There are 2 protein chains.
Amino acid sequence: MRASRPAVHPVEAPPPAPAAAAQAQGQGQGQGEGIAHPRGVRMKDPPGAPGTPAGLGLRLAQAFFAAAALAVMASTNDFPSVSAFSYLVAAAILQCLWSLSLAFVDIYALLVKRSLRNARAVCIFTIGDGITGTLTLGAACASAGITVLIGNDLNICAENHCASFETATAMAFISWFALAPSCILNFWSMASR
Amino acid sequence: MRASRPAVHPVEAPPPAPAAAAQAQGQGQGQGEGIAHPRGVRMKDPPGAPGTPAGLGLRLAQAFFAAAALAVMASTNDFPSVSAFSYLVAAAILQCLWSLSLAFVDIYALLVKRSLRNARAVCIFTIGDGITGTLTLGAACASAGITVLIGNDLNICAENHCASFETATAMAFISWFALAPSCILNFWSMASR
């Protein structure tokens, strides 16, 4: 027994050692990949995330429709008489500035091929998107309420620029619809890391 | 050498085996915990998540303020003449029903001490919260636009129930503010798993 063991042990003993080492290595690699791999998959894949062409397109669409809402509403001479319309103008200006600045960030990221997968940047984008989105939706809904009141409830479209008000409201809604995916994607990126 | 090995090996050999077994077990447990533990931490910790007392409180607050908005708005006899106010009533009814049903689910989960950390349930909660939240915010903003138009822009509060309209709008806003944390927490839970 004791004489045969040494012949058995060199066969028995080495496997556990490399296996354990491989296991330990595999664990370490697994952990390393467990951190590195899903991040790359989660943050890179969704088109529309900041720093991707789709994300830039969304930002440009937001800025364009907010600017359109602003231009159409500002083209009527009596919008300052209604608070909701003035608020729509203010919200559209804010939305346009925010989306344009993020579009420039996206263009920069695309030009230098640098990803925007920074935790702090994603957090700032999410909070900004949430605030501007809420303001834009609120302004669009307030304008829609007034527009429907003027057009359907009171039927005084003849004395008012109903078409302009409706167009501006619709543009603000479209801008919000373009903002929603950006906000959801950013929030998802922030939460899933 | 060969004679001493058998004496060494029984000491050397067992440790790797239990160690490897413990490692394998630890890995198994670690993996098991790697899946189970962060889940428990992520999904259990935030107060306000579904199935927690704070979550139940948020749901009851949403339902209460939506019901208050509904009651105050319905107490005025001329709300159907304005579309935005009718929309507020409809949105408040929907919000109240949704929040009450989720409050009952929370009460059930608390009574049977069962967690609501189900992926499908969280997904449904998030989508429902998002839809009702958007509708409630839209209704509140539309009503706010009309209320400000009546009260500040046109100064015809004498002929209208301005106080009731303002109260109902404020209640709808508070209901939305109570809904926002639920929605954000649910979305966070959904994204971080």
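Residue numbers begin at 1 in each chain, while the letters A, B, ... track the order of the sequences. Keep in mind that this is a model prediction, so the values were computed, not measured.
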Item to check | Joint cluster assignment, A/Val82 & B/Ile146, ILVMFWY side-chain distance < 4.5 Å | outcome: yes

Item to check | Within one Ile-Leu-Val-Met-Phe-Trp-Tyr cluster: B/Val105 and B/Val112, side-chain cutoff 4.5 Å | outcome: no

Next on the checklist: Non-hydrogen contacts under 4.5 angstrom with chain B: give the residues of residues 159-184 of chain A involved, or none if there are none.
Outcome noted: A/Trp176, A/Ile184

Checklist entry - In terms of hydrophobic clustering (I, L, V, M, F, W, Y; side-chain heavy atoms under 4.5 Å; direct or indirect links), are A/Leu60 and A/Leu111 co-clustered? => result yes

Checklist outcome for this item: In terms of heavy-atom contacts, A/Ser192 and B/Ala191 come closest through CB-O, 3.3 Å

Item to check | Inter-chain contacts: residues 87-101 of chain B against chain A, heavy atoms under 4.5 Å | outcome: none

Checklist entry - Going only through I, L, V, M, F, W and Y residues with side-chain contacts under 4.5 Å, is there a path from A/Tyr108 to A/Leu56? => result no

Item to check | Any residue of residues 129-144 of chain B which, by heavy atoms, sits under 4.5 Å from chain A | outcome: B/Thr134, B/Leu137, B/Gly138, B/Cys141, B/Ala142

Checklist entry - Which residues in residues 148-157 of chain A have a heavy atom less than 4.5 Å from any heavy atom of chain B? => result A/Val148, A/Leu149, A/Asp153

Next on the checklist: Are A/Met73 and A/Leu70 connected into the same hydrophobic cluster when the rule is that any two of I, L, V, M, F, W, Y join if their side-chain heavy atoms are below 4.5 Å apart?
Outcome noted: yes

Checklist entry - Tell me, side chain or backbone of A/Ser81 under 4.5 Å from chain B's heavy atoms, or both, or neither? => result backbone

